Q: 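One structure, pasted below without further comment.
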Amino acid sequence: MGPNLWHNIDEVAAVILFGIGFTTLLLHKNMIKKIIGLNIMDTAVYLFLAAMGYVEDRLAPIVENGITDADAYINPIPSGLVLTGIVVSVSVTALMLALTIRLYRKYRSLDLDEILIRMQKEEQR
Amino acid sequence: MSFVENFPCFSIVLCMAAGILSTPMKAKQAKCMTMGLVVLVTCLSFGTLLHVLSTGSSFVYTMGRFPAPWGNEIRAGVLEALMATIFSLVMLCSLAGGMDHVFRDIAETRINLYFILVDLLLSSLLAIIYTNDLFTAYVFVEINTIAACGMIMIRRSGRSLIAATRYMVMSLIGSGLFLIGLAMLYDITGHLLMENAHEAMIRLVQAGQYHMPLLVIISFITVGLAIKSGLYPFHSWMPDAYGYSTMSSSSILSSLVSKSYIILLIKIFYRVIGFDNMISSKIVDVLFVFGLVGMVMGSVSAIMAKDIYRMIAYSSIAQIGYVYMGIGLGTEAGMVAAVFHILTHAITKSLLFLSAKGLNDVSGRKKNFRALQGAAFRNPLSGAAFLVGSLSMVGIPMLAGFISKFLFATAAMGANPGKVLITLIVLAVSTILNAIYFLHTVIRIYTPLEESAGTEGSRGRMSVGAAAALFCLIFLNFALGLTSQPVTDLLQTGIEMFG
């Protein structure tokens, strides 16, 4: 367990970060902190993918000095996945921020509980 | 390669292109283009279905002609083509039925944006159904979420904004779990295409390696998709999201979006993880238990709901519970029943939402049940449609809902002995609860108003499109109920083609 854990320290860190982001997104009442949580969660997955895709002593998958042997380079697919994932998470973050702005303009608060209370007051009026 | 094999790819790409083209258009033009597109996609999907049936085997379409381990693939079998056909048909009916509300609820200048979202949603639904690549599935799951969230928040009331926020948070949690599950799966199998990942998976299981990570992966993927489709303990976003958005959106969200994730889950179970590994991982038992709890709790909440839209939304939770219960039985018959119920629920729930809208329109747009009294006399077609939908959900013979309950019951008899009795009992209890709230509403809308009460709202005049949509959905309901054998045979062959 011990040496294995140390050997995979990047992945362990990624999973812990994933947990932090996950709980923040799920449990925090503040919209901005929720979005931060979302970003931590997504970034943790990218760290996981990048750490898994890295092989020691190999180069980034761009042909350099005419070396065409595939063994000299790491697998480019995990990096490609990370890039695609970043695009997805940027667009989702943008959408969440837009929602937050709308909510703030309407209820003058970022706290979800507070927003719910204000909405109910507004409906009763 | 025959020309028909391009159809799945065409329909996905056409939807995306139409979404982009809608941007500069006026509301009317965008509407015409989207409706035309959905009709076209329905025809293309039906063509694919006929082709797959005539050749008797599924086909794989390689995007850009890159061969297997490197390229990206689309795969169409009987199940995929059938789902695509029914989904686009239901999409068409939901749009036609709720069109007057779309034009009423959304500002004139922003209606074309609504159609962009519809196009995107359809393309992502089709891509989720057809794709053979796990990461592509993830990307389209996210596109689906974004489009669905946009469809909720486009009606700018405070309620729908909060509903969209809740929907988004729960969906993102689901996608996060799904994504990390996929990342781990990719790490241990080294493939993203479903077939190659499955081969690697078989090797790993035979060698007895990575037992624990596999279990973690299966649970992450399953729980992620279950959260996104609204399985019982994760359902809190559903009633608001379905109750406060414009009617077409509610209908599309409840009948199609949540189902597409279940289809993806079934696909991953069969084509990546393998049916036997899935059973031995015991995750199906977890789904089974939560499905059963959802069947009862969804119906109980529906009985206590204060307005008709929320009642129908809570009923969706119970129906999602049915589907997961069917998957949880862990037999092929259970899976066929679950997929059949996906079809039934897609058709019936959109019928219920659209007819509830029609009834609501002639009752002064008040949402409580009292206002609905006698609404079926003011708008006879919506009344009849609601009656058919309710009877189908309760499970009256000749309607689609009866067949799915029948299939669930027969599947339960063949399942693990420990599950037989509890399934049958919960099925019976849930049917009674369904009957309580649906028939209560049906009686309410067919009770004539007293003379002194004064008529609230006028007689309803439905647009031709809305009436046609209701007729089409009623017809589909009867068709599925009366000719269930060919459809179940199709589903059977479709699921066998997965293997």
Side-chain angles (χ1 to χ4, degrees), chain A residues 11 14-15 17-19 21-28 31 34-35 37-42 44-53 75-78 80-82 84-85 87-89 91-96 98-107 112 115-116 118-123, chain B residues 69-70 72 117 120 133-136 138-143 145-150 152-154 156-188 190-193 213 216 220 224 227 234 236 240 244:
Chain A
E11 286 82 357
V15 171
L17 278 174
F18 183 86
F22 185 85
T23 38
T24 314
L25 175 60
L26 184 64
L27 299 177
H28 227 287
M31 282 299 287
K34 265 190 195 300
I35 296 171
L38 162 73
N39 277 293
I40 294 176
M41 185 176 86
D42 281 348
V45 181
Y46 309 145
L47 173 62
F48 185 86
L49 274 170
M52 280 294 190
N75 182 357
I77 290 181
L81 296 186
V82 171
T84 320
V87 173
V88 170
S89 88
S91 36
V92 172
T93 310
L95 183 64
M96 281 292 275
L99 255 176
T100 313
I101 293 173
R102 277 279 169 73
L103 279 174
Y104 187 76
R105 280 201 189 135
K106 206 166 173 72
Y107 297 107
L112 265 182
I115 289 173
L116 273 177
R118 289 186 191 180
M119 179 195 70
Q120 275 157 3
K121 266 189 199 154
E122 198 175 74
E123 280 195 347
Chain B
W70 296 287
N72 197 337
L117 295 173
L120 267 184
D133 180 281
L134 286 166
F135 206 76
T136 311
Y138 164 72
V139 172
F140 279 99
V141 161
E142 288 287 32
I143 295 178
T145 311
I146 292 173
C149 178
I152 301 171
M153 70 189 270
I154 197 151
R156 279 178 157 169
S157 72
R159 277 275 190 186
S160 54
L161 284 179
I162 293 173
T165 313
R166 282 191 172 164
Y167 175 76
M168 207 57 198
V169 170
M170 280 322 263
S171 287
L172 289 175
I173 283 171
S175 339
L177 287 175
F178 182 58
L179 178 61
I180 194 140
L182 282 191
M184 290 178 178
L185 183 72
Y186 176 61
D187 284 331
I188 65 166
H191 288 286
L192 284 170
L193 283 178
V216 173
F220 272 162
I227 291 178
F234 316 114
S236 56
D240 281 359
Y244 298 109

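Remember, it's a predicted structure, so these values are computed and weren't measured experimentally. As a basis for the values below, the full set of heavy atoms in this structure was taken, side chains included, without hydrogen atoms, waters or symmetry mates. In what follows, chains carry the letters A, B, and so on, assigned in the order in which the sequence lines appear, proteins first and then strands, with residues in each chain numbered from 1.
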Q: Go through the steps to decide whether B:Leu161 and A:Met119 satisfy the test side-chain contact (heavy atoms from CB on, under 4.5 Å), and finish with yes or no.
A: CA-CA 11 Å; B:Leu161 284 179; A:Met119 179 195 70; over 6 Å; no
Q: Non-hydrogen atoms of chain B under 4.5 Å away: do they reach the side chain of A:Glu123, the backbone, both or neither?
A: side chain
Q: Does some side-chain heavy atom of B:Leu192 sit less than 4.5 Å from a side-chain heavy atom of A:Ile77?
A: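 In short, these two side chains touch, coming nearer than 4.5 Å.
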Q: Is B:Leu182 in contact with chain A via its backbone, its side chain, both, or neither, using a 4.5 Å heavy-atom distance?
A: neither
Q: Please round to the nearest 0.5 Å and tell me the distance separating atom NZ of A:Lys34 and atom CG of B:Leu172.
A: 10.0 Å
Q: Is there a side-chain contact (heavy atoms from CB on, under 4.5 Å) between A:Leu99 and B:Cys149 once you walk through the steps?
A: CA-CA 10 Å; A:Leu99 255 176; B:Cys149 178; 4.0 Å; yes
Q: Among A:Glu122, A:Arg102, A:Met41, which residue has the highest count of heavy-atom pairs closer than 4.5 Å to chain B?
A: A:Arg102
Q: Let me know if B:Arg166 has heavy atoms under 4.5 Å from chain A in its side chain, its backbone, both or neither.
A: side chain
Q: Contact part of A:Leu38 toward chain B, heavy-atom cut-off under 4.5 Å: side chain, backbone, both or neither?
A: side chain
Q: Could you state the interatomic distance from CZ (A:Arg118) to CD1 (B:Ile162), rounded to the nearest 0.5 Å?
A: 11.5 Å
Q: I'd like to verify something: which residue of A:Leu49, A:Asn75, A:Leu81 has the highest number of heavy-atom pairs under 4.5 Å with chain B?
A: A:Leu81
Q: Of the non-hydrogen atoms in A:Leu25 and B:Val169, which two are nearest, and what is the gap between them?
A: O-CG1, 3.7 Å
Q: Kindly indicate, with the supporting measurements, whether the criterion side-chain contact (heavy atoms from CB on, under 4.5 Å) is fulfilled by A:Thr84 and B:Tyr138.
A: CA-CA 10 Å; A:Thr84 320; B:Tyr138 164 72; over 6 Å; no
Q: Using the side-chain hydrogen bond (donor to acceptor under 3.5 Å, both in side chains) criterion, which residues pair with A:Tyr46? Sequence neighbours excluded.
A: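 Per chain and number, A:Tyr46 pairs via side-chain hydrogen bond (donor to acceptor under 3.5 Å, both in side chains) with no residue.
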Q: Can you say whether B:Ser157 sits under 4.5 Å from chain A via the side chain, the backbone, both, or neither, judging by heavy atoms?
A: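 Only the backbone of B:Ser157 comes within 4.5 Å of chain A.
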Q: To the nearest 0.5 Å, what is the distance between CZ (A:Phe18) and CG (B:Leu179)?
A: 7.5 Å
Q: Using a 4.5 angstrom heavy-atom cutoff, name the option from B:Val139, B:Leu177, B:Thr145 with the most pairs to chain A.
A: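 The residue among B:Val139, B:Leu177, B:Thr145 with the greatest pair count is B:Leu177.
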Q: Nearest 0.5 Å, please: how far is OG1 in B:Thr165 from CG in A:Leu103?
A: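 It is 4.5 Å, given to the nearest 0.5 Å.
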Q: Indicate the atoms forming the closest heavy-atom contact of B:Arg159 with A:Tyr107, along with that distance.
A: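 Scanning both residues, the minimum pair turns out to be N-OH, 4.4 Å.
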